2 protein chains.
Amino acid sequence: MSKLTEIAKRANVSRTTVSRVLNNHPYVKPEKRDAVLKAIKELNYVPNLNARNLSKGKTNVIGVIVPKINHPFFSNLIEGIGNECNKYNYSLLVHQSNNDPEKELQFFDLLKYKMIDGLILGSCVSDTSVIDELSSYGKIVSCEYSESSKVPKVFVNHEYGIQMTVDYLKAQGHQKIGLCIGNPRSGVGISRKKAFFKLQREYSLKWIDYWYFEKQYTIEDGFEVAKKILEQPSRPTAMVVGSDQVAAGIIFETKKQGIMIPEELAIVGFDNQPISKGVELTTINQPIKEIGENAASLLYSIIHNQDVPSFTTLELQLIKRNSA
Amino acid sequence: MSKLTEIAKRANVSRTTVSRVLNNHPYVKPEKRDAVLKAIKELNYVPNLNARNLSKGKTNVIGVIVPKINHPFFSNLIEGIGNECNKYNYSLLVHQSNNDPEKELQFFDLLKYKMIDGLILGSCVSDTSVIDELSSYGKIVSCEYSESSKVPKVFVNHEYGIQMTVDYLKAQGHQKIGLCIGNPRSGVGISRKKAFFKLQREYSLKWIDYWYFEKQYTIEDGFEVAKKILEQPSRPTAMVVGSDQVAAGIIFETKKQGIMIPEELAIVGFDNQPISKGVELTTINQPIKEIGENAASLLYSIIHNQDVPSFTTLELQLIKRNSA
DNA sequence: ATGAAAGCGCTAACAA
DNA sequence: TTGTTAGCGCTTTCAT
């Protein structure tokens with residue numbers, strides 16, 4: 001494993017010159033450059049990034065933390081982030097927190113320890129104070145609403161999304177509307193819940209506590225939710241569901257039991273994932289990939305000390321299909 | 001940003017001792033250890049992983065390359081790998097290749113450059129020679145069949161999977177069986193294709209070239225495949241589909257057009273993804289997460305110079321539902 | 001149980 | 001345009 005010094009020797013130049021060639025610096029005479037390149041070929045030289053990282057004080061790696069990779073929302077988000085990283089020649093370190101604050105802290109250390117140049121919070125349950133403190137160690141961007149004023153945020157207006165769906169359902173005469181969300185402690189969960197119950201009171205809709213479900217993420221969770229809804233003595237006539245996966249699960253199970261959708265139970269999802277087309281789910285289109293791309297691009301900017309807006313809001317859109 | 005030297009000074013010990021405390025080495029007197037710990041607290045010391053990585057010659061990071069993160073198969077695989085990484089305190093660098101050999105090479109460099117301690121090939125289109133050469137720079141594990149003898153492989157027996165489905169369909173009297181796969185150049189694609197056509201001839205099944213589809217990955221791709229099948233002058237009576245997503249898409253579209261499944265068109269998928277339950281898809285269960293976990297665990301072993309089997313085969317299982 | 005000293009391999013400020 | 005030199009911050013061998 002030959003190192004830079006050997007290249008320098010063989011090419012009869014200084015290590016600096018070799019380094020310059022490696023980094024495409026100007027001010028290197030073509031002859032020398034060629035000599036270096038030749039030596040590199042001959043000795044089969046391979047640079048060592050750890051040395052470079054240490055010396056430069058950066059790694060060209062950014063991290064992203066999500067509860068779980070294998071969820072369409074997050075893998076979509078990561079795809080967007082990853083695409084953008086490719087553009088900048090950054091690598092992407094992915095960590096699953098499982099919504100466990102301990103695991104989050106563990107990953108945050110990588111930012112403190114200079115292993116990553118920046119961090120994207122896909123979703124995060126840690127306190128604002130934790131994020132605030134962390135932000136003094138490195139650059140952070142959040143993909144959801146956060147109280148922390150030190151972190152640029154790129155997200156969609158979940159309140160507005162909820163408002164669109166509730167208004168839409170109300171306009172169709174629904175008075176008994178249930179709610180099903182994912183993690184109630186994440187930024188997204190908090191916004192949606194708050195928005196829903198605000199409207200719920202404002203419009204004086206009917207309400208029974210067991211019309212509320214949380215921590216539901218998958219198609220299979222949807223099966224269970226559907227079962228619970230259908231065995232309730234007093235059913236909602238419509239459900240606002242924070243995830244297309246869960247919504248699809250509800251539809252599958254509901255139809256299986258012979259209940260008509262939307263006549264007996266209307267469903268509105270969230271995300272406009274491919275599956276929603278399949279089950280003809282009315283849903284809120286959310287530009288997930290764009291959120292990821294934007295987040296990565298913002299992070300890149302702040303790493304390079306450029307100013308960025310502290311809020312970036314992307315548009316939501318109601319997609320009408322046949323489930324409501 | 002205080003560094004190790006300052007801790008040493010403040011605690012009145014050598015840097016070596018500080019390092020020992022940091023790394024939980026034995027042979028440190030409790031008093032000294034406490035003094036060091038105290039200094040660390042007081043100075044708010046934060047270690048620098050790049051320095052450590054350079055010094056130790058490893059990073060505790062492994063990489064995984066997949067065509068696309070946002071596909072249930074791969075995000076599931078990554079989840080498994082990620083879970084296992086958490087156990088070993090390894091971090092996971094994820095890269096999307098888009099099945100582009102260029103992009104693969106780019107990522108492979110990280111192994112050469114010592115940025116990652118090992119590499120998992122989720123799916124890869126590079127030549128065996130590339131992988132062979134790469135393996136002299138670092139540890140690699142593949143999650144699919146590969147010609148390279150230098151790389152331990154953990155995978156399922158795709159030939160057997162195909163055999164099970166074809167046998168199952170044939171036993172039901174199907175003679176016109178179509179095939180739909182993903183990337184025909186990946187290890188998985190090659191195996192499945194070969195196995196299918198072998199049986200196809202062996203059983204003297206009927207065949208028309210337009211019963212074959214490749215590069216199909218998503219639900220939406222499934223819509224298109226279905227449309228194409230349904231407008232064919234001579235349709236297959238059954239389809240073997242290499243992905244539950246695509247299979248689900250085919251089912252959605254087919255049903256929409258009022259075609260009966262499985263009576264008019266039988267479908268068998270592959271993966272046993274959650275969606276397959278929803279659409280009642282007959283499919284081959286593939287322990288994706290376990291593949292990921294196994295791969296990560298093997299990689300960990302070979303990084304630590306332990307011997308591992310060069311093939312690890314996981315079991316496949318036909319899950320009968322209502323689509324065939 | 002502890003410390004001195006020699007790395008790990010590359011970069012960059014400065015001088016020439 | 002090039003080289004000298006002093007780092008980057010931590011680990012580890014070896015001697016004590």
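By convention in this document, chain letters (A, B, ...) are assigned in the order of the sequence lines, proteins followed by strands, and residues within each chain are numbered from 1. Given the structure is predicted, the values throughout are model-derived calculations rather than measurements.
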Visitor: Quick check on DNA chain C: between A:S55 and B:P30, whose nearest nucleotide comes earlier from the 5' end?
Guide: B:P30
Visitor: State which of D:dT12, D:dC8, C:dC10 makes the closest approach to the side chain of B:K3.
Guide: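 That would be D:dC8.
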Visitor: Go through D:dC10, C:dC10, D:dT12 for me and flag the one nearest to the A:P47 side chain.
Guide: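 Shortest atom-to-atom distance from the side chain points to C:dC10.
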Visitor: Of the candidate nucleotides C:dG9, D:dC10, C:dT11, which contains the atom at the shortest distance from the side chain of A:R15?
Guide: C:dT11
Visitor: Taking the minimum atom-to-atom distance to the side chain of A:A51, which one of C:dG9, C:dA12, D:dC10 wins?
Guide: C:dG9
Visitor: Name the closest nucleotide to the A:Y27 side chain, picking from D:dG9, D:dT1, D:dG3.
Guide: D:dT1
Visitor: With respect to the phosphate group of D:dC10, does any side-chain polar atom (N or O) of A:Y113 fall under 4.0 Å of OP1 or OP2?
Guide: no
Visitor: Can you find a side chain N or O atom of B:Y45 that sits less than 4.0 Å from OP1 or OP2 on D:dC10?
Guide: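 Affirmative; the distance criterion is met.
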Visitor: Would you indicate, yes or no, if D:dG3 has its OP1 or OP2 atom less than 4.0 angstrom from a side-chain nitrogen or oxygen of A:K32?
Guide: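 Answer yes for this pair, as a side-chain N or O of A:K32 is under 4.0 Å from OP1 or OP2.
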Visitor: OP1 or OP2 of C:dG3 sitting under 4.0 Å from any side-chain N/O of B:T17?
Guide: yes
Visitor: Going by an N to O cut-off under 4.0 Å, is there a salt bridge joining A:K112 and A:E133?
Guide: yes
Visitor: Is there a side-chain polar atom (N or O) of B:N23 under 4.0 Å from OP1 or OP2 of D:dT11?
Guide: yes
Visitor: Does this structure show an ion pair linking B:R10 with B:E6, if we count only N-O contacts that are shorter than 4.0 Å?
Guide: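 Result for this pair is no, no salt bridge flagged.
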Visitor: Ignoring hydrogens and angles, answer whether the base of C:dA12 and the side-chain atoms of A:S19 contain a donor-acceptor pair closer than 3.5 Å.
Guide: no
Visitor: Looking for any heavy atom pair under 4.0 Å, which part of the strands does B:V18 touch: base, sugar-phosphate only, or nothing?
Guide: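 Counting heavy atoms under 4.0 Å across all strands, no contact is made by B:V18.
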Visitor: Charged N to carboxylate O below 4.0 Å: is that the case for B:E42 and B:K38?
Guide: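 Yes, charged N to carboxylate O under 4.0 Å.
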Visitor: Determine whether a donor-acceptor pair (one donor, one acceptor, N or O, separation below 3.5 Å) exists between the side chain of A:T16 and the base of C:dT11.
Guide: no
Visitor: If only side-chain N and O atoms count, and only distance matters, is there a donor-acceptor pair under 3.5 Å linking B:T59 with B:N53?
Guide: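 Side chains of B:N53 and B:T59: no pair found under 3.5 Å.
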